[in-house]
2 protein chains.
Amino acid sequence: MTRYSRQTRMLVAVDCIIFGFDGQDLKLLLIKRGFEPEKGKWSLMGGFVQPDEDLEQAAARTLTKLTGLDGVYMEQLGSFGHPGRDPMERTLSVAYFALIDINQYKQQITDEYKAEWFPLKDAPKLIFDHADMVEEAQARLRYKAAIHPLLFELLPTRFTIPQLQILFEAVYDAGFDKRNFSRKVLSTGLLVKQKEKERATSKRGAFYYKLDKRKYSAKFHAFLNFVSDPGNLK
Amino acid sequence: MTRYSRQTRMLVAVDCIIFGFDGQDLKLLLIKRGFEPEKGKWSLMGGFVQPDEDLEQAAARTLTKLTGLDGVYMEQLGSFGHPGRDPMERTLSVAYFALIDINQYKQQITDEYKAEWFPLKDAPKLIFDHADMVEEAQARLRYKAAIHPLLFELLPTRFTIPQLQILFEAVYDAGFDKRNFSRKVLSTGLLVKQKEKERATSKRGAFYYKLDKRKYSAKFHAFLNFVSDPGNLK
DNA sequence: GCAAAAGTGTTATCACTACACCCATGG
DNA sequence: CCATGGGTGTAGTGATAACACTTTTGC
């Protein structure tokens, strides 16, 4: 077969917006870009899509390369294609956002990328249109987490309800009533109470919970109204 | 500046999933593909992104070329990039879905694309991965329309509540109680009752309504819960 | 006068909000 | 024994769902 004639080909990259939660703040994993243009500036982790590679594969490969992690929650955010977004050469970027348990993240031996976690609110200036991507990813996270049990992806397997509440409060930059909050999350039936307590943050200790994985898979796409009035979101 | 070396460039296309509503069924606008490969087969309307063009621009241009319409509701659905999706040459496609008032659609003079409306449930086999795109677009439409006042984009400026209900029933393939339905849509405050009635479909006639454009813009992104239990959606 | 579609009201249930006190424990 | 964070219950309010009859008018 021949090729389509007279059409422009362009580079296609993937960029990953990687969120983490340290128990207090929502964080973003950024790297120092290792090549020109904009070498040495803060950037999202990204890479070019290879000839034999699916977009999801490229995104997963890119994420694994940076974090060493596999099987992470990841979702296509959208594509960014302004003609001048990369001044070097026209490059389309397909952005993915990922939610990882920050404790699982191990700095790779080489620390090849000079990666760092930044509080989302206090991130440095980013190259190209990466700030737009981050903003859109944050909006999407808020949007989806209001309706779907998404934020569990940011927590370790065992977590307490107060930890979960702090996470929601960080995502929505708002405070919630703890009685209503715990009633609501427990009413989903997704949580299984453990026998052990977390004893580091309080004297009394808070019970650990785990996700009921069967129910989690079943209800993941259901409308659960996790946050009833998240404000006007996109 | 030089270019990124040793990376593959690829074609980037946009494809449009165009929905319409004829008063009875949800419909899809398809064309007969005019060039190889798969010439003569049913396809979504699409086109290649031009060197100086934004993705949104490319999508809007493509839509206008087919329908003659401008200022139509359009949203990026996502990108499809399996390496073999176009057998001729690797092509990434950024899919957009559009909602148009089917009455505004005028077949262009030339009828260059041999376009036809198909009931969504009864669409022909499509080329490449276009069926996946359509399926994803339908899921997205259901998802969004359950929460946002989106389906109005499919109706003419003046419409009746029974018409609106038939539309919702078509989208969700479900029946709704008309008392609860009208109460719910009226309670949003988005509708302005007109003096005239639509008299074609019933003897008594049904009052026309128009959208309150100010409130529509303001509430478009709010969570309105148009359909309270839309089932398990993505 | 009757068939066909439009329009409307009530009640029971459920979910959400606001709010305050007791519990367990380490120091 | 007290400071700290964990855990729970209730009452009022608003939204939802289920349900049936009356209105209009072209034929």
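Source: prediction; values computed, not measured. First the proteins, then the strands, lettered A, B, ... as listed; each starts at 1.
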Compare all side-chain heavy atoms of A:L28 with those of A:I18 and state whether any distance is below 4.5 angstrom. no

With a 4.5 Å limit on heavy-atom distance, are the side chains of B:F118 and B:K27 in contact?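 With C-beta onward as the side chain, the pair stays apart.
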
Take the protein atom [atom1] of [X] and the nucleotide atom [atom2] of [N], then report the distance between them rounded to whole Å.
X	N	atom1	atom2	value
A:F181	C:dA18	CZ	C1'	17 Å
B:F226	D:dT16	CZ	P	11 Å
A:R183	C:dT17	CZ	P	10 Å
B:Q165	C:dG7	CD	C1'	12 Å
B:R179	D:dT22	CZ	P	13 Å
B:D177	C:dT11	CG	P	17 Å
B:L186	C:dG9	CG	P	12 Å
A:F176	D:dT8	CZ	C1'	20 Å

Side chain to side chain contact (heavy atoms under 4.5 Å, CB included) between A:F226 and A:F181, worked out: CA-CA 9 Å; A:F226 265 80; A:F181 182 83; over 6 Å; no

Going by number, which of residues 20-27 of chain A have a non-hydrogen atom under 4.0 Å from DNA chain C?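 Nothing qualifies; none.
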
In residues 187-207 of chain B, which ones come under 4.0 Å of DNA chain C, going by heavy atoms? B:T201, B:S202, B:K203, B:R204, B:G205, B:A206, B:F207

Roughly how far apart are A:L26 CG and A:L154 CG, rounded to 0.5 Å? 6.5 Å

Nearest 0.5 Å please: distance from the CD atom of B:Q24 over to the CD atom of B:E169.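 Separation between the atoms: 10.0 Å.
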
Parallel, tilted or perpendicular for B:F220 and B:Y73, by the 30°/60° rule?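 Tilted.
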
Ring of A:Y209, cation from A:K193 - is the NZ or CZ under 6.0 Å from the centre and inside 45° of the axis? no

Could you go through the side chain to side chain contact (heavy atoms under 4.5 Å, CB included) check for B:L164 and B:F152 one step at a time? CA-CA 8 Å; B:L164 183 63; B:F152 297 103; 3.8 Å; yes

Considering only heavy atoms and no angle criterion, is a donor-acceptor pair shorter than 3.5 Å present between the side chain of B:N225 and the base of D:dA15?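 Under the 3.5 Å cut-off, the side chain and the base do not form any donor-acceptor pair.
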
Indicate, yes or no, whether a donor-acceptor pair under 3.5 Å links the base of D:dA15 to the side chain of B:K184.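 No.
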
Given side chain to side chain donor-acceptor pair (under 3.5 Å), test A:Y208 with A:E198 step by step and report yes or no. CA-CA 6 Å; A:Y208 279 119; A:E198 190 273 343; 5.1 Å; no

Take B:S182 and A:K178, find for each the nucleotide of DNA chain C with the closest heavy atom, and name the residue whose nucleotide sits nearer the 5' end.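 The residue closer to the strand's 5' end, by nearest nucleotide, is B:S182.
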
